[in-house]
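Notes follow the structure.
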Amino acid sequence: MKANQFSIKASHVIFAVIFLVLPFILRGAYMHNILVVFGIYCLLAMSVNIVVGYMGEVTLGTAAFFGIGAYTSALLGKTFGLSFLLSAPCGMILAGLVGLLLGYITLRLSGPYFAITTLVFAEIIKLISTNWVSLTRGPMGLTQIPFPTFNILGIYKFRLTSEVQYYYFIFILVVIALVVINNFIKSPSGRALLAQRDHKDLARSVGINATNYRLLAFIGSTMLAGLAGAVYAHHFRILSPENLAVYYSALPLLMVFIGGKGLLFGPLVGAAIFSALPEILRIAEHIRMAIFSALLIITITFMPDGIVAKVNGFFKKSEARHK
């Protein structure tokens, strides 16, 4: 047990060190921009993992909450000049409130019914962002979204303008999200959530109210997706309804399945692959996406539980052989 705890702590340290040194290994504005994208992907994938990995459902509505957080924070920053410390939480809260409403209606469903409902909802939000021109400027989108500005008690004010600064800021957000998710899963509420995922009938028989725990997890997932949207909007400083397309729901879902669903670091590994591999394959030019797709199919076929699960299994077998 102690050896297992040590290996878990060691993996935490390894991931932290990798995150910290990446900007020194990968130099230049272009590579730093990819690192920022990687960080945003981490937040998105972690939000999906809460639903897919811990609730046991497939969501196709992540783009909706990503967009709600992005548009809310961007509009508050651009129109009212709010600092990022206020606009981003507002985006998270609104995404969470919408998630509460949607979850209250749909979480009694499961399987493909839940997935289709979330997909339809995402399309509705995209239509709203396209047609509410007076607020979102419709297909023209929002431009000149301000850099993240932090105004701490009116005393200390600064802006994140460089890629490296933004990357380390996202690194802090990712660490906070990991700690919150890890503590939640180890809490009584988290254990009840996992119980209803693995043994629905047994959980119901001992009095676990699955709907309440599923709703709590779903709200957390939508708030994290809203945070990812806010971070995205203020970094790229341009936002359009295309950012609410189904692509932004399917992509983090693939990251979770490739990295390992229901595992703390699975989404991070998936995010790293999806941010780095397409860029590496640019040397293949026109066939790079075909190669990328083939590699994904191979990975899913031979590692159905994800890369992290496969690696964990390898180390467990190695430990068993040495005992």
Side-chain angles (χ1 to χ4, degrees), residues 37 40-41 43-48 50-52 55 57-82 84 86-109 112-146 148 214-215 217-254:
V37 171
I40 296 170
Y41 280 174
L43 294 173
L44 259 183
M46 284 192 291
S47 75
V48 171
I50 294 173
V51 178
V52 176
M55 279 177 52
E57 300 291 350
V58 174
T59 176
L60 295 172
T62 307
F65 304 103
F66 177 82
I68 290 170
Y71 270 103
T72 302
S73 185
L75 287 168
L76 289 175
K78 182 179 174 69
T79 307
F80 300 102
L82 288 187
F84 190 81
L86 294 176
S87 64
C90 286
M92 291 177 65
I93 291 170
L94 183 58
L97 290 174
V98 176
L100 170 63
L101 178 61
L102 179 67
Y104 183 79
I105 298 170
T106 63
L107 282 176
R108 291 171 178 81
L109 305 173
Y113 302 103
F114 177 79
I116 291 171
T117 303
T118 56
L119 175 61
V120 170
F121 175 75
E123 289 301 309
I124 291 172
I125 296 297
K126 183 184 176 185
L127 286 173
I128 291 173
S129 68
T130 302
N131 294 290
W132 197 350
V133 179
S134 60
L135 180 67
T136 66
R137 297 183 74 238
M140 293 184 295
L142 299 177
T143 58
Q144 296 182 330
I145 298 169
R214 283 158 62 89
L215 182 59
F218 188 68
I219 293 171
S221 170
T222 59
M223 292 182 71
L224 188 54
L227 174 62
V231 171
Y232 176 95
H234 288 276
H235 172 69
F236 290 100
R237 305 186 66 207
I238 185 168
L239 195 61
S240 75
E242 290 303 312
N243 296 121
L244 282 71
V246 69
Y247 172 83
Y248 285 91
S249 293
L251 188 65
L253 190 62
L254 283 171

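Everything numeric here is computed off the predicted structure, so don't read it as measured data.
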Q | Step-by-step side chain to side chain contact (heavy atoms under 4.5 Å, CB included) determination, Met46 to Leu43 | A | CA-CA 5 Å; Met46 284 192 291; Leu43 294 173; 3.9 Å; yes
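Looking only at side-chain heavy atoms (C-beta outward), Leu76 and Leu86 stay at 4.5 Å or farther from each other. Two residues are said to be in side-chain contact when any heavy atoms from C-beta on lie closer than 4.5 Å; Leu60 and Leu253 meet this criterion. Residues Val37 and Ile40 fail the side-chain proximity criterion, which asks for heavy atoms closer than 4.5 Å. Between Leu102 and Phe218, the closest side-chain pair of non-hydrogen atoms falls below 4.5 Å. Inter-residue side-chain proximity for Phe114 and Pro112 is flagged as unmet; no heavy-atom pair is nearer than 4.5 Å. Counting only heavy atoms from C-beta outward, the side chains of Leu135 and Tyr71 never approach each other to under 4.5 Å.
Evaluation of the side chain to side chain donor-acceptor pair (under 3.5 Å) test over residues 86-107, restricted to residues two or more places apart or in two chains, returns Ser73-Ser87.
Ring geometry for Tyr248 versus Phe66: interplanar angle under 30°, hence parallel rather than tilted (30 to 60°).
Scored by the salt bridge (Lys or Arg N to Asp or Glu O under 4.0 Å) test, Glu123 finds no partners at all (sequence neighbours excluded).
Heavy atoms only, all atoms of each residue included: Val52 and Val58 are closest at CG2-CA, 4.2 Å. Residue Ala95 comes nearest to Gly226 through the heavy atom pair CB-CA, 4.1 Å, listed as atom of the first residue, atom of the second, then distance. When every heavy atom of Gly61 is checked against every heavy atom of Ala122, the shortest pair comes out as CA-CB, 3.9 Å. Contact detail for Val48 and Pro252: the closest heavy-atom pair is CG2-CB, 3.7 Å. Nearest heavy atom pair, residue Ser221 against residue Val51, reads OG-CG2, 3.4 Å. Between Ala74 and Leu142 the shortest heavy-atom distance is CB-CD1, 4.0 Å.
In this structure a side-chain-to-backbone donor-acceptor pair under 3.5 Å is present from Asn131 to Leu127. Put simply, the side chain of Thr143 never gets that close to the backbone of Ile238: no donor and acceptor are under 3.5 Å apart.
The side-chain contact (heavy atoms from CB on, under 4.5 Å) test with Ile68 is passed by exactly one of Ile128, Thr222, Val98, Leu244: Val98.
Summarising the geometry, atom CE belonging to Met223 is positioned 9.0 Å from atom CG belonging to Leu227; distances are rounded to the nearest 0.5 Å. Atom OG of Ser240 sits about 11.0 Å away from atom CZ of Arg137, to the nearest 0.5 Å. Between the CD1 atom in Ile50 and the CE atom in Met55 there is a gap of 10.0 Å [rounded to 0.5 Å]. Taken from CG in Leu251 to CG in Leu44, the straight-line distance is 8.0 Å, to the nearest 0.5 Å. To the nearest 0.5 Å, atom CG of residue Leu97 and atom CD1 of residue Ile219 are 8.5 Å apart. In this structure, Ile145 CD1 and Leu75 CG are separated by 8.0 Å, a value rounded to the nearest 0.5 Å.
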